[in-house]
A.B. asks: 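Sharing a structure here in structure tokens format.
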Amino acid sequence: MVSKLQEDSRWRFLWAEVSFFAKWWDNINAQKRAAVRRLVGNGQLEIATGGWVMPDEANSHYFALIDQLIEGHQWLERNLGVTPRSGWAVDPFGHSSTMPYLLRRANLTSMLIQRVHYAIKKHFAATHSLEFMWRQTWDSDSSTDIFCHMMPFYSYDVPHTCGPDPKICCQFDFKRLPGGRINCPWKVPPRAITDTNVAERAALLLDQYRKKSRLFRSNVLLVPLGDDFRYDKPQEWDAQFFSYQRLFDFLNSKPDLHVQAQFGTLSDYFDALYKKTGVEPGARPPGFPVLSGDFFSYADREDHYWTGYYTSRPFYKNLDRVLEAHLRGAEILYSLAVAHARRSGLAAQYPLSDFTLLTDARRTLGLFQHHDAITGTAKEAVVVDYGVRLLRSLVSLKQVIINAAHYLVLGDKGTYHFDSGAPFLQVDDTRSSHDALPERTVIQLDASPRFVVLFNPLEQERLSVVSLLVNSPRVRVLSEDGQPLAVQISAHWSSATNMVPNVYQDARHSLRPHLLCPKVSVPLRLPALGLGVLQLQQGLDTHHTLPSSMRIYLHGQRLSVSRHEAFPIRVIDSGASDFALSNRYMQVWFSGLTGLLKSVQRVDEEQEQRIDVELFIYGTRASKDKSGAYLFLPDDQAKPYIPKNPPVLRVTEGPFFSEVVTYYEHVHQMVRLYNLPGVEGLSLDVSFLVDIRDYVNKELALRIHTDIDSQGTFFTDLNGFQVQPRRYLKKLPLQANFYPMPVMAYIQDTQRRLTLHTAQALGVSSLGNGQLEVILDRRLMQDDNRGLGQGLKDNKRTWNHFRLLLERRTVGSEPGFFCKLAAMFRGLIFPSSRSGDREVQDSHSTSYPSLLSHLTSMYLNTPVFTLPVTQMPSPGPSLRAFLPLASSLPCDFHLLNLRMFQAEEDNLPSADTALILHRKGFDCGLEAKNLGFNCTTSQGKVALGSLFHGLDVVFLQPTSLTLLYPLASPSNSTDLYVDPMEIATFRLRLG
């Protein structure tokens with residue numbers, strides 16, 4: 001590329017993903033780097049989008065989308081001094097409206113998309129809407145608008161970019177000249193361009209250009225020339241560039257053709273279009289449409305809907321979110337620890353080099369957002385490589401968290417000593433390999449007390465049940481100041497009927513088996529973004545140690561049940577009527593036969609609400625086109641899951657939580673009810689351990705039936721950032737009605753809303769009134785002819801974790817009613833005069849979770865980190881809770897990240913931090929009174945100056961999303977205002 005572009009200043013090249021570029025850059029010399037900078041500077045080489053990857057837009061979470069965009073943009077600024085202007089997304093399988101928002105806030109002015117349902121492309125072409133201003137549904141003016149170009153044809157390859165006829169366009173892909181390794185499937189090969197045939201070839205090509213240009217509103221035309229795995233040989237560069245240059249020279253020499261043709265980058269195209277239409281870059285050309293919404297789900301032909309990849313390889317979709325939670329937690333804790341250490345003059349003792357681990361983890365998470373990674377559409381060997389990288393970064397991030405927590409939790413910082421060989425804290429869990437489930441750390445109790453440090457990564461104070469595994473049922477738990485705490489003690493199980501024994505070595509090195517490894521559960525109030533301290537001692541405190549009662553339903557199966565005097569168990573051999581668990585808010589009924597959920601009754605209501613859970617199986621078609629990693633092509637309606645044996649049920653009831661665990665052959669279901677006031681107690685914690693490794697061409701689905709009159713409407717989130725209403729369309733095939741669910745889906749009527757919150761991205765639908773349905777895992781034996789070349793046969797045992805939240809509407813509030821006073825006032829003060837431009841959105845196009853729903857999602861996706869202090873001789877250093885914030889943030893604010901910058905000279909942190917805040921839009925028509933959680937909002941205001949306890953805000957400057965552009969000069973005021981739904985980024989220095 002570098003040598004070829006230098007041969008002719010008229011030639012142009014477009015590059016999108018920084019991850020691969022950075023790898024190449026690290027291995028080239030200074031001379032070549034200078035040449036690259038020159039090519040970028042003179043406009044021959046354009047970096048489009050500039051993210052770490054071209055991300056999937058269906059399964060990715062907005063934290064990771066933003067993070068990979070920042071990582072790419074910061075790399076480009078540091079190494080090339082360039083800021084991307086245009087977005088290029090030709091390969092994600094459907095497009096989310098979150099992406100245009102993020103690109104616009106990163107100061108890009110234009111974008112291009114390609115994979116959109118063929119019927120939508122046809123409609124947009126017919127209405128000249130292929131180029132439009134893409135606006136967010138909540139935007140009452142045009143501050144979120146970005147100019148978007150939709151490619152009109154089937155693919156981004158050369159046969160589908162010059163015009164409507166691929167048979168002709170393929171003749172102008174000069175890599176396919178006869179004698180090469182690839183040819184044209186339409187059986188007419190390209191011909192070398194010569195003086196004798198240039199007139200005829202140019203006329204043929206120009207005819208395609210003219211036909212394509214009729215689909216657009218301007219006479220500026222974009223014709224991309226590329227494909228996968230291209231431009232890797234000098235011969236191809238010469239074949240393409242010389243051939244096209246001859247064609248262009250001929251066309252440009254004939255004034256009567258009224259055409260000017262040249263090589264250009266994506267931004268060259270957009271600039272020419274803006275110039276032609278007489279507007280500033282990024283502004284709306286006169287008469288161009290304004291559109292809102294997303295482009296899911298995608299079909300490229302017939303009924304081939306790309307809705308399978310919303311679930312494909314759920315194990316890694318889950319691991320992605322675990323890594324994300326660790327990265328965010330590590331970023332915040334590291335930033336706070338470094339700021340406090342610098343203020344105390346102890347930065348020299350602190351392991352600042354952990355910044356390298358953070359950088360690697362950012363890049364690993366970024367890499368996994370690729371449209372063939374988190375999607376589950378990579379080859380098996382590549383999946384293993386991703387898995388190894390994810391696990392390596394997970395281990396590194398636990399290290400960063402441990403090191404930061406060690407410094408911050410010390411009562412006397414003067415005693416701080418970092419020793420990489422002897423970590424002060426242990427990790428909360430370990431994974432034996434990238435495809436293994438985590439195993440919790442067992443805390444060994446002995447004569448001296450053991451301490452545990454707890455990290456709450458939420459920006460809200462939190463009341464949660466924290467569970468620890470210990471090696472003895474004789475345990476006392478004390479608070480930081482030595483006060484005994486009430487605990488629930490329960491058995492830890494390895495299977496339906498076996499408790500986990502603990503085998504450990506005593507001083508005489510003999511093995512003492514069959515000592516139990518019980519679970520201690522303690523309700524704790526933890527400070528926002530802070531650290532708490534617990535003390536564990538051996539011994540019994542009958543007043544504060546509260547046992548759990550257990551019963552096991554065997555349903556006639558002859559199984560032996562392990563017993564222990566600490567945990568009395570009632571075994572019921574056969575026959576079981578329905579039973580209920582309850583807490584202070586609700587009573588939850590289960591089928592005694594299936595162990596699955598049946599209904600919920602709130603304590604202040606007489607009527608039960610049906611929430612009936614069933615498992616179903618989808619097959620795939622018998623015909624030639626079958627489901628694969630991308631496509632969902634079911635053979636028919638789903639059929640009920642019929643197990644070989646009736647399930648074993650185990651019911652545990654206790655003061656702080658009760659649970660039902662149901663063991664089927666392919667799935668274990670656990671439903672847990674927390675008996676706590678506030679967020680934890682208001683929803684059901686539901687998880688499924690899925691293992692379908694013996695299935696052949698089957699998919700396992702979870703279906704929830706309710707009495708909610710949803711009338712064919714359901715709601716799914718886009719990237720955890722916003723919610724998009726969906727309609728069940730009976731005229732479309734079943735698979736067309738599935739959508740991505742990165743964090744939640746809900747159904748509602750005038751009185752109730754049921755939300756399914758998820759801790760991993762999965763495919764979701766509502767195929768009947770009052771139903772929600774989720775695909776849990778899929779095992780498919782064949783390729784679906786979309787480029788992978790393999791089936792989906794590397795299934796793992798996978799945990800899928802959910803929260804079910806049933807909410808009541810307050811009287812007189814319609815669904816969609818939104819507490820967005822700022823927008824209402826703005827609408828009153830600046831009424832839109834352009835009524836013909838679809839400026840005012842239909843109120844049904846937007847919907848928002850409640851505040852309780854937002855918090856429930858955060859609790860599910862951001863668990864408490866439990867970090868045991870390494871055993872050490874008494875007395876150890878004194879530990880003190882760490883409260884970084886003077887108060888919780890308003891509860892419609894989410895601290896998305898507190899992310900340190902790299903210093904200019906090395907891989908160490910600079911003095912500045914990126915502070916990213918998101919103010920969530922919420923529906924306040926759902927009941928929030930008397931729910932036991934304190935939640936205040938502040939009309940979008942945050943007093944940042946007094947937010948950080950023990951640290952001053954030395955410098956504060958609002959910037960674009962990826963921090964490349966200052967939006968205002970540094971401010972003396974530290975009072976912020978953020979509009980609902982907006983993400984605000986600041987360059988921050990704490991001291």
Side-chain angles (χ1 to χ4, degrees), residues 18 37 40-41 46-52 62-63 65-87 100-111 136 139 141-147 267 280-283 331-332 335 338-339 362 893-905 909-919 940-945 947-948 951-979 981-991:
V18 173
R37 291 190 186 105
V40 170
E46 180 181 7
I47 311 289
T49 312
W52 201 245
Y62 76 119
F63 172 94
L65 286 174
I66 292 169
D67 206 64
Q68 64 86 30
L69 202 57
I70 292 174
E71 194 58 31
H73 283 193
Q74 292 289 318
W75 189 95
L76 289 169
E77 185 186 46
R78 229 177 13 255
N79 292 283
L80 295 181
V82 65
T83 53
R85 295 172 50 205
S86 304
Y101 175 77
L102 299 180
L103 296 180
R104 185 72 204 91
R105 289 292 173 258
N107 217 25
L108 278 73
T109 49
S110 324
M111 63 183 293
Q136 298 305 310
D139 184 5
D141 49 34
S142 57
S143 78
T144 60
D145 285 16
I146 184 169
F147 185 88
S267 291
E280 289 294 307
E331 296 273 19
I332 292 168
S335 298
V338 170
R362 292 167 179 176
F893 272 83
H894 174 43
L895 190 146
L896 201 60
N897 212 340
L898 191 63
R899 182 188 204 270
M900 293 209 91
F901 286 95
Q902 183 177 325
E904 284 186 21
E905 62 282 354
S910 78
D912 289 355
T913 307
L915 168 68
I916 310 176
L917 292 173
H918 175 207
R919 185 176 171 205
K941 297 188 194 72
V942 177
L944 201 65
L947 184 65
F948 294 98
L951 292 169
D952 299 322
V953 174
V954 180
F955 176 89
L956 181 68
Q957 183 174 35
T959 70
S960 61
L961 180 66
T962 56
L963 300 113
L964 297 187
Y965 299 88
L967 298 182
S969 51
S971 174
N972 291 331
S973 165
T974 54
D975 291 343
L976 311 178
Y977 171 78
V978 183
D979 268 323
M981 291 303 296
E982 289 290 346
I983 296 172
T985 307
F986 303 88
R987 189 178 280 269
L988 171 73
R989 195 171 307 147
L990 295 170

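Heavy atoms only: backbone and side chains are in, while hydrogens, waters and symmetry mates are out. If you're wondering where the values come from, they're calculated on a predicted model, not measured in any experiment.
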A.B. asks: So which atom in Val978 and which in Arg919 form the shortest heavy-atom distance, rounded to 0.1 Å?
C.D. replies: O-NH1, 2.9 Å
A.B. asks: Would you say the side chain of Arg899 lies within less than 4.5 Å of the side chain of Glu71, judging by non-hydrogen atoms?
C.D. replies: yes
A.B. asks: Would you confirm whether Gln74, through its side chain, and Thr962, through its main-chain N or O, come within 3.5 Å as a donor-acceptor pair?
C.D. replies: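 Such a contact is found between Gln74 side chain and Thr962 backbone.
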A.B. asks: Considering all heavy atoms of both residues, which atom of Gly945 and which atom of Val953 are nearest to each other, and what is their separation?
C.D. replies: CA-CG2, 4.1 Å
A.B. asks: Without swapping roles, check the side chain of Gln68 against the backbone of Leu65 for a donor-acceptor pair under 3.5 Å.
C.D. replies: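 Answer holds: yes.
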A.B. asks: If you measure from OG on Ser335 to CG on Asp912, what distance do you get to the nearest 0.5 Å?
C.D. replies: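 If we round to the nearest 0.5 Å, Ser335:OG and Asp912:CG are 11.0 Å apart.
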A.B. asks: Of the non-hydrogen atoms in Leu990 and Ala339, which two are nearest, and what is the gap between them?
C.D. replies: CB-CB, 4.2 Å
A.B. asks: Roughly how far apart are Lys941 NZ and Phe893 CZ, rounded to 0.5 Å?
C.D. replies: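 Lys941 NZ to Phe893 CZ: 10.0 Å, rounded to 0.5 Å.
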A.B. asks: Can you find a side-chain donor-acceptor pair between Arg104 and Ser960 that sits under 3.5 Å?
C.D. replies: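 No - no donor-acceptor pair under 3.5 Å links their side chains.
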A.B. asks: Is the shortest heavy-atom distance from the side chain of Arg105 to the side chain of Thr144 under 4.5 Å?
C.D. replies: yes
A.B. asks: Return the orientation label for the Tyr62 and His918 ring planes: parallel under 30°, perpendicular over 60°, tilted otherwise.
C.D. replies: perpendicular
A.B. asks: In Å, rounded to the nearest 0.5 Å, how long is the span from CD1 of Ile146 to OG1 of Thr109?
C.D. replies: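 These two atoms lie 7.0 Å from each other.
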A.B. asks: To the closest 0.5 Å, what do you measure between OG1 (Thr974) and CG (Leu988)?
C.D. replies: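 Spacing of OG1 (Thr974) from CG (Leu988) equals 10.0 Å.
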A.B. asks: Given 3.5 Å as the limit, does a donor-acceptor pair link the side chain of Asn79 with the main chain of Trp75, or not?
C.D. replies: yes
A.B. asks: Looking at side-chain heavy atoms only, is the closest gap between Phe63 and Ile916 below 4.5 Å?
C.D. replies: no
A.B. asks: Under 4.5 Å between any side-chain heavy atoms of Phe986 and Leu976, yes or no?
C.D. replies: yes
A.B. asks: Does the side-chain contact (heavy atoms from CB on, under 4.5 Å) test come out yes or no for Leu956 and Leu944, once each step is laid out?
C.D. replies: CA-CA 9 Å; Leu956 181 68; Leu944 201 65; 3.6 Å; yes
A.B. asks: Verify side-chain contact (heavy atoms from CB on, under 4.5 Å) between Tyr101 and Ile983, making sure each step is shown before the conclusion.
C.D. replies: CA-CA 10 Å; Tyr101 175 77; Ile983 296 172; 3.9 Å; yes
A.B. asks: Measure the CD-CG distance between Glu982 and Leu961 for me, rounded to the nearest 0.5 Å.
C.D. replies: 10.5 Å
A.B. asks: Mind listing the closest non-hydrogen atom pair of Leu102 and Leu69 along with its distance?
C.D. replies: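 Closest approach of Leu102 to Leu69, heavy atoms only: O-CD2, 4.3 Å.
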A.B. asks: Under 3.5 Å, is there a donor-acceptor pair between the side chain of Gln902 and the main chain of Ser910?
C.D. replies: no
A.B. asks: Start with the C-alpha distance between Arg362 and Glu331, add both sets of side-chain angles, then the distance that settles salt bridge (Lys or Arg N to Asp or Glu O under 4.0 Å), and finish with yes or no.
C.D. replies: CA-CA 10 Å; Arg362 292 167 179 176; Glu331 296 273 19; 2.7 Å; yes
A.B. asks: Where the side chain of His73 meets the backbone of Thr49, is there a donor-acceptor pair that is under 3.5 Å apart?
C.D. replies: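 A pair under 3.5 Å: yes.
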A.B. asks: Looking only at heavy atoms, what is the nearest atom pair of Leu896 and Ile66, with distance?
C.D. replies: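 Looks like CD2-CD1, 3.4 Å.
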A.B. asks: Does some side-chain heavy atom of Arg987 sit less than 4.5 Å from a side-chain heavy atom of Pro970?
C.D. replies: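 No; the side chains remain at least 4.5 Å from each other.
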A.B. asks: Please confirm whether Arg78 makes a cation-pi placement over Phe901, using NZ or CZ under 6.0 Å from the six-membered ring centre and within 45° of the ring normal.
C.D. replies: no
A.B. asks: Quick one: closest heavy-atom pair of Ala914 and Leu963, and the distance?
C.D. replies: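 In this case the closest contact between Ala914 and Leu963 is CB-CD1, 3.6 Å.
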A.B. asks: Please tell me if the side chains of Ile332 and Leu895 come closer than 4.5 Å, counting only heavy atoms from C-beta onward.
C.D. replies: yes
A.B. asks: Do the side chains of Ile70 and Thr985 get nearer than 4.5 Å, heavy atoms only?
C.D. replies: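 Side-chain contact under 4.5 Å: no.
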A.B. asks: Roughly how far apart are Leu917 CG and Asn897 CG, rounded to 0.5 Å?
C.D. replies: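 Spacing of CG (Leu917) from CG (Asn897) equals 10.5 Å.
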